[in-house]
Amino acid sequence: MQASDPTPGQPGVPFAASYAALAVAAVTLLAALLVRELSAYSKRRSMPPGPFRWPLIGNALQMPQVHPWLTYSRWARVYGDILYLDALGQHIIVINSAKVARELLDKRSSIYSGRPHLTMLGDLAGYNKILLMQPYGDELRQQRRLISQTLSISTIGQYYDIQEAEARRLVLRVIDNPSLLESQVRTSIASLIMLVTYGYTVKGTEDVFVERAIEVLENLTLAEMPGTWLVDMIPQLKYFPSWMPGFTFLKTAKAWRKLLYTTNRELYQWSKEHSENGTARVPNLCASVLAEAEGKATLQLEEYLMWAAITVLGGGLDTNTATILSFILAMLRFPDVQKKAQAEIDAVVGSERLPQTSDRPSLPYIRSLIAEVYRWLPAGPLSAPHALDEDDVYDGIFLHKGSILLPNVWHMLHDPDVYPEPDVFKPERYGGSDIEMKKVTDVAFGFGRRACPGFHLSQGTTFSMVVTMLATCDIVPVVDDHGQEIIPDVKYPTKSILYPEDVKCTFRPRSEQAKLALIDSMTDSVI
Ligand code: HEM
């Protein structure tokens with residue numbers, strides 16, 4: 001929580017300045033908690049285990065603020081696969097095993113597919129329209145259908161050429177300018193998603209649409225931060241006027257909403273207009289859906305399409321960027337794995353050509369390596385929260401309607417009983433078995449009716465980038481002034497996406513021929 005007036009360019013400070021606002025908040029909160037405490041008393045004995053809860057405030061003071069998945073993992077050893085927390089009256093269920101996640105989020109997905117309602121993010125900043133935040137219902141199903149009809153296993157092949165071309169372009173850029181690694185990877189992923197979604201070709205690292213899309217995503221991350229916005233705990237605060245001291249968060253939310261709506265609309269309009277006049281790349285998600293409607297797209301369909309499209313950008317950008325950075329970090333810290341992976345590519349692809357997506361079935365070690373990246377540093381360590389739409393009983397345990405369910409993906413993929421030596425990057429642990437690798441992706445890409453609809457797209461992107469980097473370059477550490485190699489630590493800030501920090505490296509072409517092949521491929525590039 002912050003407690004001063006906002007600085008220019010920073011998010012608004014939610015609520016510090018006004019004693020009046022705090023008094024209103026405190027009384028409302030106490031009353032709500034008291035009512036809830038009394039009504040929950042009888043059910044409490046059959047609730048899941050968890051740390052001691054104080055009367056009224058529950059576990060509010062124990063909620064982990066830094067890398068919460070690590071604390072939940074420690075608690076898993078004490079309380080087991082399913083644990084209960086109460087944050088000022090909000091029921092929170094942390095699921096620590098893939099088995100329980102399957103039982104609840106997959107098998108009972110008709111009631112476990114909601115999303116928590118966040119007042120700041122949804123009602124105020126306007127993100128309740130994006131697919132990711134939608135409650136489970138007809139609109140969600142329609143939006144997901146629009147995405148999956150374009151990005152399904154049977155249609156995804158039409159994007160392989162741009163994934164390959166973007167991977168080659170990225171490698172060349174990093175060879176030439178390794179210090180901009182993170183922004184190069186991010187721009188590359190953004191370019192790909194913009195092409196796939198809107199048919200829009202990104203213009204360099206300072207493309208105005210990409211910059212705005214990134215800001216929209218950053219605002220989303222800020223608005224969804226648990227425990228930051230008092231209005232999430234006391235929704236009635238949203239009705240107060242924004243001029244009141246302590247209510248600047250209302251102005252912040254308004255600015256975020258405006259940026260979201262204008263970016264969304266302009267991107268969609270760009271795609272519609274340019275796909276029609278032949279200046280956007282086709283196929284793209286928006287053009288394909290409109291073409292299928294044969295000129296009879298209703299306003300509602302266009303509205304759904306517009307919000308589904310911006311969610312594709314939101315769902316794919318940070319997750320895929322983080323995955324590629326985690327891969328590079330793994331290669332720097334585990335050079336023997338890198339050598340083994342390169343040996344497989346050399347044996348299968350040879351040095352006469354660049355690898356392609358069609359090589360994937362012949363490269364089991366590369367497939368294992370990618371699964372190991374998803375396991376070692378999962379992009380979503382707590383996945384995305386689900387919400388329970390009805391009271392339920394599981395294994396004799398009572399689960400409240402309205403509970404937030406946090407799948408602790410980190411623990412599922414780092415439980416030493418399932419994955420011995422979990423911090424070691426070891427593609428060999430899958431024995432080359434796609435069934436074992438699938439156990440990782442089944443967890444890392446989410447659950448039930450909310451599972452990631454971008455799975456096939458991200459598989460293709462990740463494969464193209466990983467295999468092209470390894471085939472053409474040695475990924476080596478940078479050296480300091482004394483010639484000593486600097487191997488980056490594994491560190492990342494506390495965010496919903498696990499995004500490794502300070503990954504620095506050099507891409508050293510494995511041969512002149514490899515670099516020339518990359519340059520040549522640009523002359524007949526499809527993008
Ligand atoms: C390495 C890359 C990626 C990872 C690890 C990943 C992971 C996830 C996870 C864990 C969820 C939450 C699932 C749940 O609630 O149970 C999710 C949702 C989502 N992902 Fe991905 N994702 C990736 C890439 C992509 C891409 C490329 C797209 C673009 C189509 C995408 C679009 C979405 C959307 C739209 C949702 C929301 C689904 C819903 O709420 O119903 N993701 N993703």
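Only this structure's heavy atoms are used, side chains among them; waters, hydrogens and symmetry mates stay out. All ligand and atom numbering here is 1-based and tracks the order in the structure. Bear in mind that the values here come from a model prediction, so they are computed numbers and not experimental data.
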Using a strict cut-off of less than 4.0 Å between a Lys/Arg side-chain nitrogen and an Asp/Glu carboxylate oxygen, indicate whether Asp161 and Arg281 qualify as a salt bridge. yes
Which one holds for Met133 and ligand 1: side chain close, backbone close, both close, or neither close, with close meaning a heavy atom under 4.0 Å? neither
Hey, could you give me the CG/CZ distance between Leu131 and Arg450, rounded to the nearest 0.5 Å? 6.5 Å
Starting from atom 42 (N) of ligand 1, which protein heavy atom do you reach first, and at what distance in Å? Cys452 SG, 3.0 Å
Under a 4.0 angstrom heavy-atom cut-off, which atoms of ligand 1 come close to Gly316? 25 (C), 26 (C), 27 (C), 28 (C), 31 (C)
Over 60° means perpendicular and under 30° means parallel, so classify the ring planes of Trp376 and Phe334, tilted if in between. perpendicular
Nearest non-hydrogen atom to atom 10 (C) of ligand 1 belongs to which of Gly315, Ser383, Pro453? Ser383
I'd like to check which ligand 1 atoms, numbered from 1 as shown, lie under 4.0 Å from a non-hydrogen atom of His386. 14 (C), 15 (O), 16 (O)
Just to confirm my output: which protein heavy-atom neighbour is closest to atom 41 (O) of ligand 1, and how far is it? Arg144 NH1, 2.6 Å
Give the numbers and elements of all ligand 1 atoms closer than 4.0 Å to a heavy atom of Phe447. 14 (C), 16 (O)
In terms of residue, atom name and distance, what is the protein heavy atom nearest to atom 37 (C) of ligand 1? Leu132 CD1, 3.5 Å
Before accepting this row, confirm whether a basic side-chain N of the pair Arg212/Glu215 lies closer than 4.0 Å to the acidic partner's carboxylate O. no
Looking only at N/O atoms, are Ser458 and ligand 1 under 3.5 Å apart anywhere? no
Leu151, Thr461, Leu313, Thr150 screened by side chain to side chain contact (heavy atoms under 4.5 Å, CB included) with Val196, the one that passes: Leu151
Purely on distance, is any nitrogen or oxygen of Thr462 under 3.5 Å from one on ligand 1? no
Between Leu377 and Trp410, does the side-chain contact (heavy atoms from CB on, under 4.5 Å) criterion hold? Intermediate values first, please. CA-CA 8 Å; Leu377 292 184; Trp410 176 271; 4.2 Å; yes
In the protein, what heavy atom is nearest to atom 13 (C) of ligand 1, and what distance, to one decimal place, separates them? Arg450 O, 3.2 Å
Look at atom 4 (C) of ligand 1 and say which protein heavy atom is nearest, naming residue and atom and giving the distance to 0.1 Å. Phe445 CE2, 3.4 Å
Are Gln459 and Phe463 side-chain neighbours, meaning at least one heavy-atom pair lies under 4.5 Å? no
Checking heavy atoms under 4.0 Å, the part of Leu151 that sits near ligand 1 is side chain
What I want to find out is whether Arg429 reaches Glu436 closely enough, with some N-O distance under 4.0 Å, to be called a salt bridge. no
Answer yes if the ring centres of Tyr127 and Trp307 are under 6.0 angstrom apart, and no otherwise. no
Is there side-chain contact between Leu192 and Leu195, with heavy atoms separated by less than 4.5 Å? no
Report, in ascending order of atom number, the atoms of ligand 1 lying under 4.0 Å from any heavy atom of Leu131. 37 (C), 38 (C), 39 (C), 40 (O), 41 (O)
Sub-4.0 Å heavy-atom approach of Gln134 to ligand 1: no
Among all protein heavy atoms, pick out the one at the shortest distance from atom 23 (C) of ligand 1; state its residue, atom name and that distance to 0.1 Å. Thr319 OG1, 3.3 Å
Does Asp123 come within less than 4.0 Å of Lys238, counting only side-chain N to carboxylate O? yes
N/O to N/O below 3.5 Å, does that happen between Arg449 and ligand 1? no
Test of understanding: given a 4.0 Å heavy-atom threshold, classify the contact between Val312 and ligand 1 as side chain, backbone, both, or neither. both
May I ask you to test the Val467-Val349 pair for a side-chain heavy-atom distance under 4.5 Å? no
For atom 40 (O) of ligand 1, what is the nearest protein heavy atom, given as residue, atom name and distance? Arg115 NH2, 2.8 Å
Looking only at N/O atoms, are Asn320 and ligand 1 under 3.5 Å apart anywhere? no
Who's the nearest protein heavy-atom neighbour of atom 12 (C) of ligand 1, and how far? Ala384 CB, 3.7 Å
Report yes if some heavy atom in the side chain of Ile82 is under 4.5 Å from a heavy atom in the side chain of Asp395; otherwise report no. no
Under 4.0 Å from any heavy atom of Thr323, which atoms of ligand 1 are there? 1 (C)
Going by heavy-atom distance to atom 7 (C) of ligand 1, choose the closest among Gly446, Gly454, Ala444, Ala379. Ala444
Would you indicate whether the side-chain heavy atoms of Met120 and Asp232 approach each other to under 4.5 Å? yes
Under 4.0 angstrom from ligand 1, any heavy atom of Gly380? no
Any donor-acceptor pair under 3.5 Å from His67 side chain to Tyr492 backbone: yes
May I ask you to list the atoms of ligand 1 that are less than 4.0 angstrom from any heavy atom of Thr311? 35 (C)
